[in-house]
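Just so it is clear, the model here is predicted, and its values are computed rather than measured. Chain naming here is simple, since letters A, B, ... match the order of the sequence lines and numbering starts at 1 in each. FYI, side chains are in, hydrogens and waters are out, and symmetry mates aren't considered; it's all heavy atoms of this structure.
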Amino acid sequence: MTQLVWFRNDLRIADNPALTAACKEADQAENTAKVRACFILTPEQWQEHDWSPARVQFVITHANALAEELAKLGIPLAFIQAERFSDSIAALENHCRKNSISRLHFNEEYGINERKRDKAVKHRFDELGITTRKYRDQTVAPVGEIRTGQSEPYSVFTPFSRRWRSWIDDNRPAVYPAPKARGDAVQPERITNIPEGFEDAPPALVKTGEDAAHSQLEQFLNKHGGAYKDQRDFPALDGTSQISPYLANGVLSGRQCLIAARQAQGMGGNQEGLVTWINEIAWRDFYINILYHYPRVSMHRAFKPETEALQWNTPGEHFEAWKTGNTGIPLVDAAMRQLNQTGWMHNRLRMVTAMFLTKNLFIDWRLGEAYFMSKLVDGFLASNNGGWQWSASTGTDAAPYFRVFNPVTQSERFDPKGEFIREWVPELAKLDNKRIHDPSKGGVIPGGYPRPIVDLKESRKEAIAKFQALKDQDERNM
DNA sequence: CGCCACTTAAT
DNA sequence: TTAAGTGGC
């Protein structure tokens, strides 16, 4: 009787329902019952899902750290090589045979390919007589639980979040207990090579390991949590939690974040900041639920089907300028350079750059979504897709199409002294606080910095007209 | 069915 | 302040 925990998007020991359950089942069996673990490397699949080198290196580093910590508990973690999800089924089967596995435990993932893979594994393992058990781990309120009065999924955030908060008050989620040592420590396995194509990543953004993740979380809640509401929109400030790489790859769970934040609230301090931050955890749960209820969003389809008729511009020089941070709009360029150089972008700037690509350049949101994934260390399908579709007005709870961020206005509001711009677009560093937001407006543009590649006013008007035409078309069809 | 509220922009 | 719009109660 050996239990196998299959780690995927949950690279942690604490608060891990699959791991806790496997250990419990082993404890209830005879003395010799063992717990093993595995992680499957599927680099070709990662490539296909646009995983960034930064993310792959983060995952490998943290899988190694996980193997080390599990080894101390007497739980050996095996690394299994498979190119794609479809190969991982046979590889897993082979591993289970060699290690006389009787039960397989894993936490659910909600992308369409992940779901297909898990279904195929269950089907095959049913034939083999190996029990599979899956757990709803990724959200604070188990995915699918939060529904309207008519038991329908929510498609708008605000009512979802109200229901979510009351669910939490009623259910008081707790973390799953971390398992105790199950015997002598074992020698940990280790991945030593970075898969081909993922070698070239920016330096690691955060420290490695679960302990480091928890310190980062605690430090944020204690030092910056209270000011979060007022500071989170200013990219030059250290106002955000910076835990997204951990969260996106399961080194921290949403539950742990929520419980830690509520604890910090209980200890006094500014409540409003933490309320706002908890709302961000709700956004994450919301988008995971959307992915779960509407699989089309992970099949490159718009949440609002009628927006599929939009004729996006062919991506050419404009798309290149956006990617490389050479649009002539300082805040957009600063943000894109931050992304390219660090694998991370401030959240407000994700909205600003996404709106600029989809509304001002009128380039397909799918291209932006894929580009972000290919660079972000915290690239997470549900949130990235949700955010892009929100910005493009093709998604749930979309920004009304006539509301287009003006990137220069955003710059004046959220980087008033141009500090963030100066850091990432050094050629503009000498401009004064007024001119730095739009150097093309009067005066000489510093050498090498481009003029804006589009007219903001004009392009905004055109985008709104295209959405308006779509709406008129829709009404004629009714 | 009428109303509230909205990761907000433009005025 | 208002509102080119609208989901959910």
For A:Glu114, is there an ion pair with A:Arg8 - N to carboxylate O distance below 4.0 angstrom? no
Output yes when at least one side-chain N/O atom of A:Arg413 is less than 4.0 Å from OP1 or OP2 of B:dA9, else no. yes
For DNA chain B, report each stem as range with range, ordered by first number, or say none. Use Watson-Crick or G-U wobble pairs under 3.5 Å, at least 3 in a row. B:2-6 with C:5-9, B:8-10 with C:1-3
Rounded distance in Å - CZ (A:Arg162) to P (B:dA5): 8 Å
Distance flag, aromatic centroids of A:Phe220 and A:Trp277, threshold under 6.0 Å: yes
When you compare the side chains of A:Tyr371 and A:Asn340, does any donor N or O come within less than 3.5 Å of an acceptor on the partner? yes
Calculate the interatomic distance between A:Met351 atom CE and B:dT8 atom C1'; express it in whole Å. 10 Å
What is the distance from CD1 of A:Ile464 to C1' of C:dA4, rounded to the nearest Å? 8 Å
Tell me which residues in residues 401-412 of chain A lie within less than 4.0 Å of DNA chain B, going by non-hydrogen atoms. A:Arg403, A:Val404, A:Phe405, A:Asn406, A:Gln410
Just how far, in rounded Å, is C1' of C:dA4 from CD of A:Glu462? 18 Å
Expressed as a whole number of angstroms, how long is the span from A:Ile146:CD1 to C:dC9:C1'? 16 Å
Aromatic ring proximity A:Phe303/A:Tyr294, centre distance under 6.0 Å: yes
Expressed in angstrom and rounded to an integer, what is the separation of A:Lys461 atom NZ from C:dA4 atom C1'? 14 Å
Send over the distance from A:Phe157 CZ to B:dT8 P, rounded to a whole Å. 12 Å
Looking for any heavy atom pair under 4.0 Å, which part of the strands does A:Arg460 touch: base, sugar-phosphate only, or nothing? base
Is the distance between the ring centroids of A:His346 and A:Phe414 under 6.0 Å? no
With distance as the sole criterion, is a donor-acceptor pair present between the side chains of A:Thr139 and A:Asp285 under 3.5 Å? no
Check this one for me: any side-chain N or O of A:Ser155 less than 4.0 Å away from OP1 or OP2 of C:dG8? yes
Within 45° of the axis and under 6.0 Å from the centre of the six-membered ring of A:Phe85, does NZ or CZ of A:Lys116 qualify? no
Check whether any side-chain N or O of A:Tyr154 sits under 4.0 Å from OP1 or OP2 of C:dT6, and answer yes or no. no
Strictly by modelled atom types, are A:Tyr176 and A:Asp137 linked by a side-chain donor-acceptor pair under 3.5 Å? no
Could you tell me whether A:Glu210 and A:Arg12 make a salt bridge, using a distance below 4.0 angstrom between a side-chain N and a carboxylate O? no
Nearest-Å distance, CG (A:Asp472) to C1' (C:dA4)? 11 Å
Using a cut-off of 4.0 Å on non-hydrogen atoms, how would the nucleic acid contact of A:Pro400 be classed: base, sugar-phosphate, or nothing? nothing
